[in-house]
Amino acid sequence: MQNVQRQLLACLKAYRLGQAQAEDTALDAGDWPALYQLAAQQKLSAVVYETLYRSADFCGSDAALAARWKRETILQVSGQAIRTQKLLRLTGELDAAGVSYAVVKGALCRQLYEKADLRPSGDEDILIHRADFSRCSEALTACGMRLNAGGAEDDVTHWLDAETGLHVELHTALFSSARREDALLNEWFSQALSGTFAAAVAGGSVQSLQHSDHFLFLVCHALKHFISGGFGVRTLCDIVTYAERFQNEIDHERVSRRLQQVNGRVFLDQIFAVGRDVLAFDMASCGWALSAPDDAQALLDDCLAAGIYGQSSMSRRHSASLVLEAAEGGGRPNLLHAAFPPRKKLLSRYPVLEHAPVLLPVVWLCRLGSYGLEVVRAAGKGNSPGESIAMGKKRTEMMIKYGVIPKNKAKDP
């Protein structure tokens, strides 16, 4: 592990534990720009700044970097606080309208930490009943939110507030109802809105899922991203901190049983093992035990390389289709299927195929043409077919090892 990565993890650990300053790993002058880039990639810039700026050698002699980092942290934290207050106003409108809803992920995960606004949210996710969509839309519009008509996908609509920058993803299902593989996940949460409770957020409150449901959702959401492009260390930290904070309110047996059904229990073991090794997470005191021998280093390396949700490079993003093919087919990455997926897998991105299936070959050509242009434009910048294939193979092997793709279903190459 590189010194810069160790420093990032030391900062995240200090933040998680509420410590004012992280352990200083004595970075060289040239390490500071790399740490700045890695922190930005992991959406932890403000966390790293807050836990290191007191260091005598912060940013070395690069005063411009130190000033830029400080300015960006102030803007991020103040902007996050403003967006959180806007969210509280919005959920107040939903409460007044009698809409059943639950805020998940971002706002609730921020409250796990002493300095909540250092942990940013790119968007806020709200689950509602499909029947309440019209009333909810009226409430959002009354709050100044505007529907991004071009952003609708399956069970999600995107709402934006130009004044504060708040982005709300309004869900009528937590996972895509168009994907057969997600049907069981949605079944688990189909009655979740009947048992919401008022969770404290930034001096106010929002409705959220019971802690067992919310924890299960966080793990399943991470698992979905893991199978595609991956996820960053911030998500990993959220999960172990949630398990620690609400250890007495999470039904461990039910969570474990359900994760077994989606081949995710060993995956959770790896998250806990990474938390134990680098974030001072005591799984035993939180009532958890490993269900299988851990091999957490591969997951940690993947998280450090992935960026926030597997967006660190074009090669990683393109490798996701290979991993998904292997996960859904229970075997090795299938290059042919990744390049020429069946029509039903393209419907969400190319709705024209719903009424004109004859256009499937045209869509295939467009996708391949777009990929070719990306390769040319990003030549030498972490985007090549060979790198995507190698990464897809490596990540698939890791998932077989973790049981996400069961060994007895894996096909011979």
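The figures that follow rest on heavy atoms only: side chains count, while hydrogens, waters and symmetry mates do not.
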Inset, instruction - Could you grab the distance from atom CD of Gln191 to atom CG of Asp213, nearest 0.5 Å is fine? - result: 10.5 Å
Inset, instruction - Apply salt bridge (Lys or Arg N to Asp or Glu O under 4.0 Å) to Asp132 and list each qualifying residue two or more places apart in sequence or on a separate chain. - result: Arg135
Inset, instruction - Any side-chain hydrogen bond (donor to acceptor under 3.5 Å, both in side chains) involving residues 42-51? Give me the pairs, sequence neighbours left out, ordered by first then second residue. - result: Glu50-Arg54, Glu50-Lys115
Inset, instruction - Using side-chain hydrogen bond (donor to acceptor under 3.5 Å, both in side chains) as the criterion, point out the one residue from Lys401, Lys393, Lys394 that pairs with Glu397. - result: Lys393
Inset, instruction - For Leu75, enumerate each residue passing the side-chain contact (heavy atoms from CB on, under 4.5 Å) test, keeping only those at least two apart in sequence or located in another chain. - result: Arg71
Legend entry - Non-neighbouring partners of Gln19 that pass side-chain contact (heavy atoms from CB on, under 4.5 Å), sequence neighbours left out: Ala14, Leu17
Legend entry - For the student: nearest non-hydrogen atoms of Glu23 and Ala10, plus distance: O-CB, 3.9 Å
Inset, instruction - Evaluate the ring planes of Tyr242 and Phe246, with Trp represented by its six-membered ring, and classify them as parallel (under 30°), tilted (30 to 60°) or perpendicular (over 60°). - result: tilted
Inset, instruction - Rounded to the nearest 0.5 Å, what's the gap from CE on Met399 to CD1 on Ile227? Could you check? - result: 6.5 Å
Inset, instruction - Could you tell me which residues satisfy ring pair (Phe, Tyr, Trp, His ring centres under 6.0 Å) with Trp159, sequence neighbours excluded, listed by chain and number? - result: none
Inset, instruction - Without swapping roles, check the side chain of Arg110 against the backbone of Asp117 for a donor-acceptor pair under 3.5 Å. - result: no
Inset, instruction - Over 60° means perpendicular and under 30° means parallel, so classify the ring planes of Phe215 and Trp288, tilted if in between. - result: tilted
Inset, instruction - Among residues two or more places apart or on two chains, list those pairs meeting ring-ring contact (aromatic ring centres under 6.0 Å, His included) that have a residue in residues 17-45. - result: Trp32-Phe58, Tyr36-Trp69
Inset, instruction - Go through the structure and list residues passing side chain to side chain donor-acceptor pair (under 3.5 Å) with Asp95, not counting sequence neighbours. - result: Tyr101
Legend entry - Pairs where residues 194-207 contributes a residue and the test side-chain hydrogen bond (donor to acceptor under 3.5 Å, both in side chains) is met, not counting sequence neighbours: Thr196-Gln207
Legend entry - Contacts of type salt bridge (Lys or Arg N to Asp or Glu O under 4.0 Å), residue Arg83, not counting sequence neighbours: none
Inset, instruction - Please name all residues satisfying salt bridge (Lys or Arg N to Asp or Glu O under 4.0 Å) with Asp277, sequence neighbours left out, ordered by chain then number. - result: none
Inset, instruction - With rounding to the nearest 0.5 Å, note down the distance linking OG in Ser256 to CG in Leu268. - result: 7.0 Å
Inset, instruction - Not counting sequence neighbours, which residues clear salt bridge (Lys or Arg N to Asp or Glu O under 4.0 Å) with Asp161? List them please. - result: Lys86
Inset, instruction - Kindly indicate, with the supporting measurements, whether the criterion salt bridge (Lys or Arg N to Asp or Glu O under 4.0 Å) is fulfilled by Asp282 and Arg276. - result: CA-CA 6 Å; Asp282 187 345; Arg276 174 200 63 199; over 6 Å; no
Legend entry - Arg258 vs Glu187, salt bridge (Lys or Arg N to Asp or Glu O under 4.0 Å): CA-CA, chis, key distance, verdict: CA-CA 11 Å; Arg258 289 193 164 176; Glu187 180 183 331; over 6 Å; no
Legend entry - Residue pair Tyr113 / Asp238, side-chain donor-acceptor N/O under 3.5 Å: yes
Inset, instruction - Anything under 30° is parallel, anything over 60° is perpendicular, the rest tilted; go ahead and classify Phe175 against Phe189. - result: tilted
Legend entry - Residue pairs fulfilling salt bridge (charged side-chain N to carboxylate O under 4.0 Å, His left out) with at least one residue in residues 192-208, sequence neighbours excluded: none
